Amino acid sequence: MVALAAPAATRNVVVLGASYAGARAAELLSRTLPPTHRVVVIDRQSHFNHLYLHPRVSVVPGHSAKTFIPYTGVLPASDAGTTNASLPLSNKARHVVIHASVTALNDDFIELDRDLLEHERDLEGEAEEIETLTEELEPARLDAAPRDKKRSTRRLSWEYMIYALGCQLPPCLTSGARTKKDGVAFLEGRGAEIKRATKVLIAGGGALGIQFASDIADLYNNPDNVSHLNLAEGEAPPPKKDITLVHSRDRFLPLYKQEMHDEIVRRLEVLGVKVILGERLQLPPQEEDKPGTLKTVKLRDGRELEYDLLLRCTGQKPNSELLKQWMPEALDEWGFVKIRPTLQVDVAALPNADKRSEKLRRNVYSIGDVAAAGVIKAGHTGWNQAGVAVQNIMCSVETDALVANNEPTTPPKLVEYERSPPQIKVTLGLRHSASEMCKEMGDQETHFVKGEGGPVDGHYAMVWERMGADPSDFNA
Ligand SMILES: Cc1cc2nc3c(=O)[nH]c(=O)nc-3n(C[C@H](O)[C@H](O)[C@H](O)COP(=O)(O)OP(=O)(O)OC[C@H]3O[C@@H](n4cnc5c(N)ncnc54)[C@H](O)[C@@H]3O)c2cc1C
């Protein structure tokens, strides 16, 4: 495969995945890359999915749209650090967000499931980006099949790559939606199933299971919250819920202090949730889940539980299949991406001397949930990793420039990611929470705190603003 990129073509730093880790990396790169480079950030979703609130908004009706944030503000239109009268392109035209699924990776290019130059759009809000791409990405294209224009524009060359494709969501939140409209419809559909249910069984007592159990109980069984049900005039009140939470361990959130477990147990008791610890359900295959039909399931000890809605809140599988096909030596036994302290993908198993391994070893990074970074899988850890990966890429880009100008260089001095202790905030009903956090960035000690109050839609506006979007227009 030969790259036909013209020598002066802007070089692509591709960020795969535009969620908490990837979107932050793209934002930082767009602020700091020199005019020789552009960020191309690719995600199959049309909008940033603010996952933290998905359990809440799938229980409490009327808020789902607030959790899908347009990507339009992720790459700042201009930046004082890079704006320069001699630049051929404005920041906005140089950097791009592409709504496409990555289907294959290669030493020279990445492949997408849709044509970069496609003008007929099936996703929302990308007219300008596609126009820009038509002119801008053409020189960066790899012409694998010159007469087959359509195929060739599904490929994009890369010089640096950040692999941030995250993990699959637990089944209760997995939708396959790629647009805001479909995402909202999925969450509202889940909400309608919850509303109709009488016996809710929740499998898995991690943060997700705990939040679902406590929100459902607080909304449907607590008369103080009737206003949040959004009932139509004359509509009969929905049935009260009998809620059971089954957890395989003897303790909730065992990474955290005993106070965390104790507070969770206390709140679930107040809310009337039945808790079964140290047990496993003998669950039927997922295809047999039929909300609205009364069924029974056995626990390992032989006890039977009845349910008409099952929420499966377990399982975290990395989205590392693409990397596995390209360089399987980079994955650990669970399928997470092995990384070095610098967050470069660890491909120590590749032969030492060849040109291929030199590029893969130096220019491919992985961050966020998909990376085996030795910290909890969380939005805030992925966000912090983005800063380290970008700093290191910038350092290498500067070295590349010196080499290109035949100037003396020393090997780039890359920084290492500093792990932070596990931190969490878990909601325990519509107005209660428990947190274990560090007081300041960089602290190693965490503190347990109980919380009360706060809006039912979870400060969503702050996240919109952080993403450069206008929260007053949350249907955008
Ligand atoms: C219900 C819930 C609540 C949570 N609450 C918190 C919290 O309060 N605080 C906290 O810090 N963390 C929280 N987390 C964890 C946090 O959401 C994750 O750690 C975070 O989403 C990981 O971010 P990421 O960028 O690594 O990947 P992900 O968020 O998993 O995103 C991966 C991205 O890659 C895209 N993608 C995947 N495959 C492809 C492909 N082939 N082509 C193109 N795009 C692709 C996806 O569309 C997605 O946008 C919560 C998680 C859940 C599920």
Side-chain angles (χ1 to χ4, degrees), residues 14-26 40-59 67-69 71 74 97-105 110-114 123 156 162-179 183 187 190 204 206-212 215 311 313-326 336-337 343 365-373 375-386 389 420 422-427 433-437 458-460 463:
V14 296
V15 181
L16 312 185
S19 186
Y20 299 91
R24 173 65 172 162
V40 183
V41 56
I42 304 164
D43 202 291
R44 61 187 175 200
Q45 317 265 12
S46 66
H47 288 66
F48 177 90
N49 285 209
H50 184 33
L51 297 172
Y52 303 3
L53 290 179
H54 278 195
R56 167 64 55 86
V57 301
S58 60
V59 174
T67 66
F68 298 92
I69 307 174
Y71 278 120
V74 168
V97 183
I98 296 178
H99 305 299
S101 193
V102 184
T103 52
L105 304 177
I110 61 167
E111 197 159 281
L112 307 176
D113 70 341
R114 58 200 300 264
L123 297 176
L156 190 65
I162 299 183
Y163 190 98
L165 295 182
C167 284
Q168 287 169 23
L169 289 171
C172 64
L173 288 177
T174 305
S175 76
R178 284 176 66 169
T179 61
L187 294 175
R190 174 66 78 229
L208 179 59
I210 294 165
Q211 294 192 169
F212 258 129
D215 276 358
L311 295 175
C313 295
T314 53
Q316 189 182 46
K317 203 168 157 270
N319 284 325
S320 57
E321 201 50 41
L322 294 171
L323 209 54
K324 187 176 173 186
Q325 283 157 16
W326 176 34
F336 290 96
V337 185
L343 306 185
Y365 286 76
S366 184
I367 57 175
D369 277 12
V370 75
V375 289
I376 57 158
K377 308 284 180 206
H380 64 269
T381 52
W383 168 279
N384 291 337
Q385 289 159 22
S420 48
Q423 296 175 73
I424 196 168
K425 175 177 177 181
V426 56
T427 56
S433 64
S435 315
E436 190 174 324
M437 303 272 192
H459 301 290
Y460 78 95
V463 184

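Only a predicted model underlies this, so the values are computations on that prediction, with no experimental measurement involved. Whatever order the structure lists them in is the order used to number ligands and atoms, beginning at 1. Values below: every heavy atom of this structure, side chains too, minus hydrogens, waters and symmetry copies.
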At what distance is the nearest protein heavy atom to atom 35 (C) of ligand 1, and which residue and atom is it? D43 OD2, 3.3 Å
Of all the heavy atoms in A100, does at least one lie under 4.0 Å from an atom in ligand 1? yes
Within the 4.0 Å heavy-atom cut-off, what I424 brings close to ligand 1 is neither
Nitrogen or oxygen atoms of A378 and ligand 1 under 3.5 Å apart: yes
Among the heavy atoms of C167, does any lie under 4.0 Å from an atom of ligand 1? yes
Heavy-atom pair with the smallest gap, counting every atom of D369 and G166: CB-CA, 4.0 Å
So which atom in T179 and which in S46 form the shortest heavy-atom distance, rounded to 0.1 Å? CA-OG, 3.2 Å
Compute the minimum heavy-atom distance from H54 to ligand 1 and say whether it is under 4.0 Å. no
Give the residue, atom name and distance (to 0.1 Å) of the protein heavy atom nearest atom 5 (N) of ligand 1. Y52 CD1, 3.4 Å
Does the gap between the ring centers of F212 and H54 come in under 6.0 Å? no
Might you point out which heavy atoms bring L53 and Y460 nearest each other, and give the distance in Å? CD1-CB, 3.8 Å
What atoms of ligand 1 come within less than 4.0 Å of a heavy atom belonging to G17? 34 (O)
Could you check atom 25 (O) of ligand 1 against the protein and tell me its nearest heavy-atom contact, residue, atom and distance included? A21 N, 2.9 Å
Is there a nitrogen or oxygen of G368 sitting under 3.5 Å from a nitrogen or oxygen of ligand 1? no
Look at the rings of H50 and F48 and say which category their plane angle falls in: under 30° parallel, 30 to 60° tilted, over 60° perpendicular. parallel
For the student: nearest non-hydrogen atoms of V74 and A23, plus distance: CG1-O, 3.8 Å
min-distance protein heavy atom vs atom 23 (O) of ligand 1 -> Y20 CD1, 3.8 Å
Atom NZ of residue position K377 - does it have more than 12 heavy atoms of other residues, nucleotides or ligands inside 6.0 Å? yes
Nearest atoms (heavy-atom pairs only) where A386 meets A21: CB-O, 3.5 Å
L173: numbered ligand 1 atoms lying under 4.0 Å from its heavy atoms: 1 (C)
Which of the numbered atoms in ligand 1 are under 4.0 angstrom from any heavy atom belonging to Q45? 47 (O)
How many angstroms lie between atom CZ of R190 and atom CG of L187, to the nearest 0.5 angstrom? 9.0 Å
One finds that the ligand 1 atoms under 4.0 Å from a non-hydrogen atom of L208 are 1 (C)
Looking at CG of L16 and CG of L322, how far apart are the two atoms once the value is rounded to the nearest 0.5 Å? 8.0 Å
Check ligand 1 against L169 and write out every atom of the ligand that is under 4.0 Å from a heavy-atom position of the residue. 53 (C)
In terms of residue, atom name and distance, what is the protein heavy atom nearest to atom 26 (O) of ligand 1? D369 N, 2.8 Å
The atoms of ligand 1 lying under 4.0 Å from a heavy atom of L51, numbered in the order shown, are 1 (C), 2 (C), 3 (C), 17 (O), 21 (O), 29 (O)
Subset of ligand 1 atoms that lie under 4.0 Å from at least one heavy atom of S101: 40 (C), 41 (N), 42 (N), 43 (C)
K377: numbered ligand 1 atoms lying under 4.0 Å from its heavy atoms: 19 (O)
For atom 16 (C) of ligand 1, the closest protein heavy atom turns out to be G379 N, 3.5 Å
Is S435 reaching over with its side chain to a backbone N or O of M437, donor-acceptor style, under 3.5 angstrom? no
Is there side-chain contact between D43 and Y71, with at least one heavy-atom pair below 4.5 Å? yes
Shortest heavy-atom approach to atom 39 (C) of ligand 1 - which of I110, V426, L165: L165
Test your reading of the structure: does R44 have an N or O sitting under 3.5 Å from an N or O of ligand 1? yes
OH of Y52 to NE2 of H459, rounded to nearest 0.5 Å, is 14.0 Å
Please state which protein non-hydrogen atom is closest to atom 31 (O) of ligand 1 and give its distance, to 0.1 Å? S19 CB, 3.0 Å
Quick one: look up the protein heavy atom nearest atom 42 (N) of ligand 1 and list residue, atom name and how far away it is. V102 N, 2.8 Å
When rounded to the nearest 0.5 angstrom, what is the spacing between CG in L173 and CG in N49? 10.5 Å
